[in-house]
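Order of appearance sets the numbers: ligands from 1, and atoms from 1 within every ligand. Side chains are part of it too, since the values below use all heavy atoms of this structure and drop only hydrogens, waters and symmetry mates.
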Amino acid sequence: MRKDFLWGGATAANQFEGGYKEDGRGISNVDVVPAGKDRFLVALGKMRHLKCDNEHRYPSHEAVDFYHHWEEDLELLHEMGLKCFRFSISWSRIYPTGEEAEPNEAGLAFYERVINRCVEYGIEPLISLVHFDVPLSLTEKYGSWKNRKMIDFYVKYVETVVRRFKGKVKYYLTFNEINMLLHLPFMASGIVFDEGENETDVKYRAAHYELVASALATKAAHEIDPEVKIGCMLAAGNTYPMTCNPEDIWKSMGKDRENYFFIDVQARGYYPSYAVKFFEKENIRLDITEDDKEILRENTVDFISFSYYSSRLTSADPEQNKKTAGNVFATLKNPYLKASEWGWQIDPLGLRITLNSLYDRYQKPLFIVENGLGAKDELVEAADGSKTVIDDYRIEYMREHIKCMIDAVNEDGVDLLGYTMWGIIDLVSASTGEMAKRYGMIYVDKDDNDQGTLKRYKKKSFDWYKRVIKSNGAEL
Ligand code: BGP
């Protein structure tokens, strides 16, 4: 393992920060995605729900209130010995409607305080410029990423951020899980479908605008600060074929390409031939100009980051329909794997396989920016009277994944910059909106009825991860 390996933890503004109306922040798409029964329909962009009402609960509004707990939280992360903290900037905190001439100073100042403290503690900030959020006003006025205008709004926002934090922040991600646009169009990109609209057409058009925006942001960031490294971000996990039947192999290859599609463009600078053929076949009308092509070609990313929770499984046989949950990706049940309480299949070796596939394909440095176990935790009394969670299941999950990650580096030669485990401090689940699905090594007292003191408690995994970091992965 490299000596400067970035061991860390990850969060996202809409699941962590709260303070959704404070200090001039504007409303964003993620603020109107409710918890409960309508969540999925809204997140899919199939139910137009652009205002908060009293019938629903909106977990992002308070989340776990990092906005007011940031000092205490960073102190805990420092105590844990963290080398890297991944968080996202809420776009509407900087440009409340996305269109202001000047940024919201209070928003920038908040992140500046957080970044300064990280730097003081020797924690490298890794910033997601967009983790699913879009100022809601841009959805209302322009249909969000359906519209080419979004590119300019986004690039302006990125320039503002990179300029402000020049010299302090080295790593940025342009869009969290960019392929999630295909799976949760509203939650991930602010897109609501109109009646009769060709959804595939809309999604790939929007994808093109995001890809151009990502390339232009890369260009701008490099110009403003030649030291910064820009990464793309994929919701990864290889798709296995159910059997050695070539039909299954072919199907799994196609499934993987749906996701690689985005990274192929961001890492190589052009649309892969399989995508060009797919657009022709499906009669998808993209708005790609010659300028766009040049922008994509000249501004590829510096590194590839990804989230990994599970591998996926597919079959060409329609009879095989024993579906299981898995990070909103429909996947078959793999008989060789156990699953989490939420049905996400647990496959540590799959992480090594994914690392190798991505490295073989792109030959650029990789960064694991999300991995972890969502589980129900119970707060209990420790021997010294303090409260804690004995989360051996989480330690076990992480240990097995980290082992496979280390093998990928030491045995296979994958160039890996770091590992930021997901939800290091408990936060709201993206797919379900629950608090009960916890990932953290720090427990937050809050439940699914919005009750709780928001007090933080160290779980057993806190000390375990501290040792892992200190020993650079030698003590697992
Ligand atoms: C990824 C997202 C995160 C995160 C994680 C875990 O898809 O980037 O925002 O939440 O998955 O998912 P969940 O919260 O649904 O358990």
Side-chain angles (χ1 to χ4, degrees), residues 8-18 28-31 33-36 39-40 42-44 59-60 63-64 66 85-91 126-134 173-189 231-237 259 262-263 305-312 324-331 339-346 351 354 367-377 393-394 397-398 401 419-441 444 446 448:
T11 62
N14 77 89
Q15 295 166 256
F16 187 50
E17 209 171 73
S28 71
N29 60 330
V30 281
D31 299 322
V33 178
R39 184 173 184 82
F40 208 48
V42 173
L44 284 172
S60 78
V64 294
F66 176 68
F85 178 41
R86 173 184 176 221
F87 60 96
S88 78
I89 291 188
S90 162
W91 182 349
L126 162 59
I127 292 184
S128 320
L129 290 155
V130 161
H131 192 118
F132 296 156
D133 57 334
V134 175
L173 309 179
T174 53
F175 289 93
N176 175 65
E177 294 188 335
I178 188 163
N179 50 324
M180 210 51 100
L181 160 65
L182 300 179
H183 305 280
L184 296 174
F186 182 70
M187 193 167 94
S189 298
C232 52
M233 201 297 201
L234 170 74
N259 297 312
F262 293 87
I263 310 305
S305 82
F306 64 95
S307 61
Y308 175 84
Y309 293 92
S310 185
S311 53
R312 297 153 192 163
T324 181
N327 203 355
V328 309
F329 289 84
T331 177
S340 79
E341 291 168 275
W342 273 262
W344 292 24
Q345 304 183 83
I346 301 174
L351 175 59
T354 297
F367 205 139
I368 303 169
V369 295
E370 284 184 35
N371 172 239
L373 178 70
K376 285 190 184 127
D377 285 339
Y393 38 91
R394 182 169 292 110
Y397 177 102
M398 305 248 342
H401 282 78
Y419 172 89
T420 59
M421 57 85 62
W422 174 249
I424 187 148
I425 300 175
D426 286 347
L427 39 67
V428 177
S429 156
S431 55
T432 69
E434 289 166 293
M435 262 316 295
K437 191 181 188 191
R438 296 169 183 275
Y439 284 86
M441 294 180 166
V444 179
K446 178 164 178 184
D448 283 324

Number the atoms of ligand 1 from 1 as they appear, then name those within less than 4.0 Å of a heavy atom of Ser429, with their elements.
13 (P), 14 (O), 15 (O), 16 (O)
Name the option, out of Trp422, Tyr308, Phe16, Tyr439, that contains the heavy atom nearest to atom 16 (O) of ligand 1.
Tyr439
Give me the ring orientation class for Phe16 and Phe66: parallel if the planes are under 30° apart, tilted from 30 to 60°, perpendicular past 60°.
parallel
Quick check against the 3.5 Å criterion: does Arg39 have a side-chain atom that pairs as donor or acceptor with the backbone of Pro34?
yes
Quick note on ligand 1: atoms under 4.0 Å from a heavy atom of Lys437 include exactly 13 (P), 15 (O), 16 (O)
Within ligand 1, which atoms have a heavy atom of Asn176 less than 4.0 Å away?
8 (O)
Under a 4.0 Å heavy-atom limit, does Trp342 contact ligand 1 with its side chain, its backbone, both, or neither?
neither
Steps toward ring pair (Phe, Tyr, Trp, His ring centres under 6.0 Å) verdict (His401, Trp422)
CA-CA 13 Å; His401 282 78; Trp422 174 249; over 10 Å; no
is_close_aromatic(Phe306, Tyr308), centroid dist under 6.0 Å:
no
What about Thr432: any of its N or O atoms under 3.5 Å from an N or O on ligand 1?
no
Option nearest atom 12 (O) of ligand 1 (shortest heavy-atom distance, choices Phe132, Tyr309, Trp344)
Trp344
Below a 4.0 angstrom heavy-atom separation, can you tell me which part of Ala12, side chain or backbone, both or neither, approaches ligand 1?
neither
Verify salt bridge (charged side-chain N to carboxylate O under 4.0 Å, His left out) between Asp426 and Lys446, making sure each step is shown before the conclusion.
CA-CA 9 Å; Asp426 286 347; Lys446 178 164 178 184; over 6 Å; no
Do Tyr393 and Asp377 have side-chain atoms, one donor and one acceptor, less than 3.5 Å apart?
yes
Quiz question: by atom type and distance under 3.5 Å, do the side chains of Glu177 and Ser307 form a donor-acceptor pair?
yes
Glu177: numbered ligand 1 atoms lying under 4.0 Å from its heavy atoms
1 (C), 2 (C), 7 (O), 8 (O)
